[in-house]
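Read the structure below first, then the notes.
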Number of protein chains: 2
Amino acid sequence: MTTTVEPVLHESRAYTAHDHTTCINSALERATVICQEKGQRLTALRKQVLELVWQSHKPVGAYDVLAMLSKGQERPAAPPTVYRALDFLLEQGLIHRIASLNAFIGCSCPDTPHAGVFLICEKCRTTRELDSHDNIQNLKNAADSTGFKTSKTLIEISGLCPCCQEEASDE
Amino acid sequence: MTTTVEPVLHESRAYTAHDHTTCINSALERATVICQEKGQRLTALRKQVLELVWQSHKPVGAYDVLAMLSKGQERPAAPPTVYRALDFLLEQGLIHRIASLNAFIGCSCPDTPHAGVFLICEKCRTTRELDSHDNIQNLKNAADSTGFKTSKTLIEISGLCPCCQEEASDE
DNA sequence: TCAAGAATGTTATATTATATCCTTCCACAT
DNA sequence: ATGTGGAAGGATATAATATAACATTCTTGA
Ligand SMILES: [Zn+2]
Ligand SMILES: [Zn+2]
Ligand SMILES: [Zn+2]
Ligand SMILES: [Zn+2]
């Protein structure tokens, strides 16, 4: 029995035109399975928030989610509603928080918990999650070799994505 | 002519008992020289804010600075006063911002601008700046090899400092 | 069917940060 | 020495992000 893990989303697609509904659907399906396996409840609200976070490959603020969630509703949602859902998704490893932007982004490979390395475009905000296990490990080693005991690493790299570099050189 | 650079503050002292006034005075003197050399104005206010940020080896919030600054004043300072001073100090590389804590900490080697790697104790909040040029370079290389153009790196490592590890094992 | 706990709703407030406009100060040229 | 322009700081208001506390509803399993 070989239940092969779904191939990891190629995050580089974040930079190119693509059928983004595939990204969303894939993320939602995967989240459903992951929560089932862990006995966690991916409620309608949580799923909806996850979907909203996945509306783009750019980090989304909690209040953006709140606004989208409330759109067309008779009674708009309140902040705790969104923050609680985001907290749940963070705990399950389904999204990451981008501290430098106070924003959230869907995790592109949520199957195993991990610290992310994020490449954040300063121009278009498109953010790609890099698989940099080795670099993280090296950092941890450097930290721990000083007597520190690492529990979490936060790495956010700002700069220009390939597309925005091109545009810059066009001028 | 060999105007040797002052030895870098040994940041590991952050974890041990030490004469902290030395840290503060050294930071202030160094800042004075650096600003002179760059033709920047380290005004009384800015110097005072820098001193307040340096009151400990823990990141300090802007509103903490604000409170300390206002203490005993007839009329308390307003947020922009502090944020402007902090912005100046950030620009001059005299302090760093810790995004995961929304707080600021004095830079332990401000002579040359650099991205920091911070070891943040989750228990006592003591934060040490690590000199990890190689690790940062590796990360940059990893990022740039994907076509990204890095301009800034943000690395914050949370965990337990040596002291707090000992205390934890005492129980 | 009921009880316990999880999830969500609701209201209020805390915390962090910025916009805007006005006044004061300082370096420099006249 | 005096005026001038720009930088710095004061003051007021408000934006943006996040949480506390408590009430209600929903789910699940005994
Ligand atoms: Zn996509
Ligand atoms: Zn871009
Ligand atoms: Zn010290
Ligand atoms: Zn500690």
>> Whether B/R84 contacts C/dA17 is assessed here as follows: a side-chain N or O lying under 4.0 Å from the phosphate OP1 or OP2. Is that the case?
In response: no
>> Under 4.0 Å from OP1 or OP2 of C/dC26: is there any side-chain N or O of B/R41 that close?
In response: no
>> Quick check on C/dA17: is either OP1 or OP2 less than 4.0 Å from any side-chain nitrogen or oxygen of B/N102?
In response: yes
> Over how many whole Å does the gap from A/R75 atom CZ to C/dT8 atom C1' extend?
Replying inline: 14 Å
> Pick the nucleotide of DNA chain C nearest each of A/F88 and A/P80; which residue has the one closer to the 5' end?
Replying inline: A/F88
> Is it true that A/D111 and A/R30 make a salt bridge, defined as a side-chain N closer than 4.0 Å to a carboxylate O?
Replying inline: yes
>> With heavy-atom distances below 4.5 Å as the criterion, would you say the side chains of A/P110 and A/Q92 are in contact?
In response: no
> Below 4.5 Å, heavy atoms only, C-beta onward: do A/I155 and A/L130 meet side chain to side chain?
Replying inline: no
> Are B/V33 and B/E37 close enough that some pair of their side-chain heavy atoms sits under 4.5 Å apart?
Replying inline: yes
> Do the side-chain N or O atoms of A/T81 get closer than 4.0 angstrom to the phosphate oxygens (OP1, OP2) of C/dG9?
Replying inline: yes
> What nucleotide among D/dT12, C/dT8, D/dT19 has an atom nearest to a side-chain atom of A/Y83?
Replying inline: D/dT19
> Taking for each residue the nucleotide of DNA chain D bearing the nearest heavy atom, is the 5' side occupied by B/A78 or by A/D87?
Replying inline: B/A78
> If you check the B/F104 side chain, which of C/dT11, C/dA17, C/dA7 turns out closest?
Replying inline: C/dA17
> When the distance from CG of A/L45 to C1' of D/dT25 is rounded to whole Å, what number comes out?
Replying inline: 14 Å
>> From CG of A/L89 over to C1' of C/dA7, roughly how many Å is that when rounded to an integer?
In response: 14 Å
> Could you give the CZ-to-C1' distance, from A/R97 to D/dT17, as a whole number of Å?
Replying inline: 9 Å
> Whole Å only: how far is the CG atom of B/L101 from the C1' atom of C/dT15?
Replying inline: 14 Å
>> Walk me through whether B/M68 and B/V60 qualify under side chain to side chain contact (heavy atoms under 4.5 Å, CB included).
In response: CA-CA 11 Å; B/M68 294 188 277; B/V60 185; 3.8 Å; yes
> Rounding to a whole Å, what distance do you find between A/Q73:CD and C/dT8:P?
Replying inline: 15 Å
> Of the nucleotides C/dT18, D/dA18, D/dG10, which has the atom closest to the B/P79 side chain?
Replying inline: C/dT18
> Expressed in angstrom and rounded to an integer, what is the separation of B/Y63 atom OH from D/dA15 atom P?
Replying inline: 14 Å
> Expressed in angstrom and rounded to an integer, what is the separation of A/L66 atom CG from D/dT19 atom C1'?
Replying inline: 14 Å
